[in-house]
Every structure is written in C-alpha cells, then in structure tokens.
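In what follows, a single structure is set out as structure tokens and then discussed.
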Number of protein chains: 2
Amino acid sequence: MAVYTEVSDDELEDFAAEYDIGQVVSCKGIAEGVENTNYLLQTEQGNYILTLYEKRVNPEELPFFLGLMEHLAAQGLACPTPIKGRDGKALRNLCGRPAAIVSFLKGMWSRRITLGHCAELGPAMASMHRAGADFPLTRANNLSVAGWRPLFDAIRPRAAEIKSDLEEMIEDELAYLESHWPKTLPVGLIHADLFPDNVFFIGDRLSGIIDFYFACTDILAYDIAICLNAWCFEDDGAFNATKARLMLNGYRKVRPLSDEELQALPLLARGAAMRFLLTRSYDWLNTPAGAMVKRKDPMEYYRKLRFHQGVTGPGQYGIE
Amino acid sequence: MAVYTEVSDDELEDFAAEYDIGQVVSCKGIAEGVENTNYLLQTEQGNYILTLYEKRVNPEELPFFLGLMEHLAAQGLACPTPIKGRDGKALRNLCGRPAAIVSFLKGMWSRRITLGHCAELGPAMASMHRAGADFPLTRANNLSVAGWRPLFDAIRPRAAEIKSDLEEMIEDELAYLESHWPKTLPVGLIHADLFPDNVFFIGDRLSGIIDFYFACTDILAYDIAICLNAWCFEDDGAFNATKARLMLNGYRKVRPLSDEELQALPLLARGAAMRFLLTRSYDWLNTPAGAMVKRKDPMEYYRKLRFHQGVTGPGQYGIE
C-alpha cells in the first residue's frame, strides 16, 4: 500500500508521448501492491496501469514478466497486456526507474472468499498453466525448496521472537521437504503468488489475474498447493474441504491431474506453507514497527503447515 | 497518502445498490489525501470517487461540505458533485463511517507550477467566490485569527525543537495580527486550502477544483492570500511576482478587488502564512517519525511569513 515514486506531470507527459494512447486526463496513485508503484492512468482512449518497478524487482527479469503477460493475453487469458510504445518497446524509464504501461483489467479482488470464487479459480489457473505451456522463456523459482534454507539461516537467530518452537519446527520440516521434494512432476509456467488480491471478480465471475512478478518455471501442481493455502482456509484457521474440492475439480476439467500429482499435493502444500512461513517470518523480523508496509502474520502459515503435516492423502482435500 | 478503511466487496456491493450508478466494475484505493479514505470507483456508467470520512472530519459539518459542492457544481463550477442515492440522500454510512460518492473530475494536479497555471487559477478562484455568494449555509473558519493562539499555546513548549527563535517570532507576529486583522473586508465562501494538489489541470487548462473540506465563511481576499503563499514561491524560497501578478489580475477580471482588499493583501498573506506555520508545526511535533503520513516542513512557512513582513504594499505582489 504505497506510492514510492511521485511522477511529475511534466515527466508523465513526456513518457505518455512515447505511446499511441491519447492525451492523459487523469493519473492517480493506487494504494495497492507492496513491491512497486502503480498509477491508474486514464487517457482519452481508456484506462491503463502505469507501473514503476522499485528496488525489489530485478530489472533483468522484467523482459520475462512482460513477455509472459503478453504471451498469456495473446492466448486469450484475462490478464494485463503490456502496451508497446511507438518504438515497439514495452519497457522504458520513468523517474530513474524501469516502467511500463499495461492494459487495465476490470474487476475487484474478493475480501471474502466464497465457494463460487474457488470454483472459478480452478479452471482459470488450469487455463493459465495451459496457456503458459509454449512460452519460450524460463525463470528459476528462487523461492522454491533450494531457496528455503538460506532464508531459514537468516531468520534462525531470532525465530524464537515469533514462536518458541519455530526454529525446531522449521529445522525438522525443512529436512523432510529437502529429502522428499518431488523431481518428476510436470513442470511449466506458474504464477507462484496467486493470492486472492491477485484475482479479480465482477460479481461472481472471475474477470482476470494480475501481478505476474513472482511467475517462474516450476512444478505446476505447486501453484495449486499455494492456492490450497491461500484460498481454502477460513479466518479461524479451519480448512474448508468444500472450497478445495471445487477448486481442484474445476482445475481438473481444464487440465487433468495425474495420480502422481494428486498424491504429491499434501507434500507440495507443506512446501508452499513453508515458503510463506519463511518469507513472512523474514519480513516480520526485518520490517520496523510503524513502517508504511503492513506486516503479515507468519503464524498463519505455521498453522497451515501443521495442518498439512497431518494430511495423509489428497482425499482430505475433498477429492476422490 | 493512505487508505485508512478497507471496504470489502460485499459491503461495497450493498452500498452501491443504494444508487442508480450501475454495477461496480472496479474500486481502487487512491494514495492521495491525508484526511480521508478515497476510492476510485468505476461502474458500468462511469467513474466516481467514493470517500469515507475519517476521524479528523466532524460528521456534523458534512452537510455543509456536500451541500456546498452541490451548490457550486450547479452554478457551473468544475468541482465534484455529490451523487444522491435512490432515497435522495448523498450522505450515508459505510464500514461504520460517514461516506459519500461524488462525481469524478478529470485532470491532474501540477507538481511544477507554471505562469500559465497561476493565470488560470485567478479567474477560477474568483468564479468560485462568485458562485458561493448565494450559498445559504455558513461555517466559521476555526483556523483563522481567533484559532491561532490556542494552536500556539499547544506548540509553544516545544517550538524550539523546530527553530530557536520560533516562539518569539510567533509571539510578536500573533500580537500584531490579532490587533490589526481586518474587520470590514468582504466576506463569503472561501476554499481555505487551495493548494496545487487541490486544483486539476488538463494540459495547461484548469479542469476543476477539489477537496472542499476546509471551506468556510471568511474574508474572500484571505483565500487569495493563501494562494499567494501556496502558488507564488519557488522551491528555493524566492517569491515569483510574475506568478502573483498573473493570478491577481486574472482574479480581478472576474471579481474586481477594492482598494481596501488590495491594501490588506500583505497582512492577509502574513496571516495565511501564520495559519500554515502553526498547523504544520503542530503536526511536526505530534506526528511520530515513520508514520504513514509524510510531515510537511513548517520552516517553509516561517520563511514565507518573514517575506511578507517585509512587504510594504500590494505593488510588491506585482500589481499596480
């Protein structure tokens, strides 16, 4: 929730003049997104999102992200499309930062997840996986199993500030995940951050997916595992197997899951919970109180991880 | 720069159903405004601003502010108009706060003030003063001369933290202003916070005025004095008499200024500088470092006040 970079009207005018989008009539900073600065840009021709990439984004990876959005949109997926300037380029500089304009996507993210939302999410995620299949670029997931131990080492000395047994729990779980992480499951393009605030709805219908800045090449079912955690738990911590069933069955109608993928879901869900437990713990310990960014509770993912440790098979996610 | 209240999609849907504005297709928190929470609301029918009034706004004064905007818009002034619900009311509740939807105004505020902006501001301000002449409600300006001493008393014990001679300077100046403040100048509806971020332009043309939540009944020329401070100084502290001349002459074409009003300008400008010196000093001393709201430097207004103390007549503001 922040505008890190103020764009002056002069700079904006010069920037917009590189595009065939008409005269700018409004440009308002959006209080969403913790990584980048986003403006809702209105021109005579329509609405756009102007993004300035702040320091947490590696500029060398931007061609991957923008190329991916362009590819997915061209395949018919409802997601933002980078707008190219008169020089054919989508990526340029504004206020000393890499910046791009993408198409505006109607819809709102849901603060209260319903069964219907989960039923819509499944097929949309599967369509995204299918649409990404022939995207030619790849990007390693630096927040998958190989990236967890360095994060653990960084939080380890202060882990007890979050919970007394956190260090021990991560220690044991990490050893298990490292030795059991699947190596033969289908791999492809995954979103890797498909939380409710990145999925838009108009009424009950899913209208689009945004924020591909964690997208990478990884186990496809790992994306599903992230969503099991992000969409199928209630605020009180209860796992809602009906939501999981609707999501998984919706997914399977568009992209069938092999038995190997289904059997791996509990393990992948533990890994997905570990990933967010680690990054949230890191942010929790390294974000000063009173900072502009609201810290997210790592313990939410500690509890989700504990839940999946007790799952003995995919049937407990509501499917046959 | 903040969204203080998160509106859920359910609450928003129920709220919007009270209006004839069509289905909501997007709602994004805007990172502008330090007093209230603002959303850019898009429906099938167009764009609107949804405002939730936070604790610094007195709910009892909202009918004045909303009534004023409605009045000014009806007079042809380019400003937001409150949208009435099916029950004929513009003001209702959302998330436990007073809330209203107003029309969306195209344009952007200018980060770099040009001579042309000042030339446009003058007649727009004068038109606003004329349009407000027959508005039937009144509201005292609690931040005019009678309100300054209580503010001074509040900051006095810690004034030296800002500048060693600040207490003495305000003490002397306040005594002077209290004994010389004009009592016979024309009074009417003033905006009282007509800073550049409240005035929109499209290209070089003024497209509208927003944020009437400090509007009140006070000396009309005091509004001009606020603008002399807010629009006619350069970043290095230099007073730009050409900007002042263009603003004042533009104003006088729409609403002539009496000789008494012109002669009072230096005093009114000292008063306007005092008002913002006091409120900024108060906020400076009472806003914790690292808070969500960026503190504004009170010393900017200390220097502006010093400048006007040296002005001997309106000629120094560039006019004859």
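Throughout, a chain's letter reflects where its sequence line sits, starting with A, and its residues are numbered from 1.
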Does atom [atom1] of [X] have more than 12 heavy-atom neighbours from other groups under 6.0 Å away?
| X | atom1 | result |
| --- | --- | --- |
| A:R92 | CZ | yes |
| A:D204 | CG | no |
| A:Y282 | OH | no |

Inset, instruction - With chain B as the partner chain, list the residues of residues 232-239 of chain A whose heavy atoms fall under 4.5 Å from it, by residue number, and write 'none' if nothing qualifies. - result: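 So far as heavy atoms go, nothing in residues 232-239 of chain A approaches chain B to under 4.5 Å.
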Legend entry - Spacing of B:S26 atom OG and A:W109 atom CH2 [to the nearest 0.5 Å]: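 Atom-to-atom, B:S26:OG and A:W109:CH2 are 13.5 Å apart.
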Legend entry - Interatomic spacing from CG in B:D9 to CD1 in A:I202 - rounded to 0.5 Å: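 Separation between the atoms: 12.5 Å.
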Legend entry - chain A-proximal positions within residues 10-20 of chain B [heavy-atom distance under 4.5 Å]: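 When heavy atoms of chain A are the reference, residues 10-20 of chain B contributes B:D10, B:L12 within the under-4.5 Å range.
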Legend entry - Members of residues 96-107 of chain B whose heavy atoms come closer than 4.5 Å to chain A: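 So the qualifying residues are B:F104, B:K106, B:G107.
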Inset, instruction - Could you pull out all residues at least two apart from A:K28 that satisfy salt bridge (charged side-chain N to carboxylate O under 4.0 Å, His left out)? - result: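 Result, salt bridge (charged side-chain N to carboxylate O under 4.0 Å, His left out) vs A:K28: none returned.
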Inset, instruction - Taking all heavy atoms of A:R111 and all of B:S8, pick out the closest pair and write down the distance. - result: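 Smallest heavy-atom distance, with atoms named: CB-CB, 3.9 Å.
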Inset, instruction - Sort A:F201 into side chain, backbone, both or neither according to what part of it lies under 4.5 angstrom from a heavy atom of chain B. - result: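 Neither the backbone nor the side chain of A:F201 comes within 4.5 Å of chain B.
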Legend entry - B:V7 portion near chain A, given a 4.5 angstrom heavy-atom threshold: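 The backbone, not the side chain.
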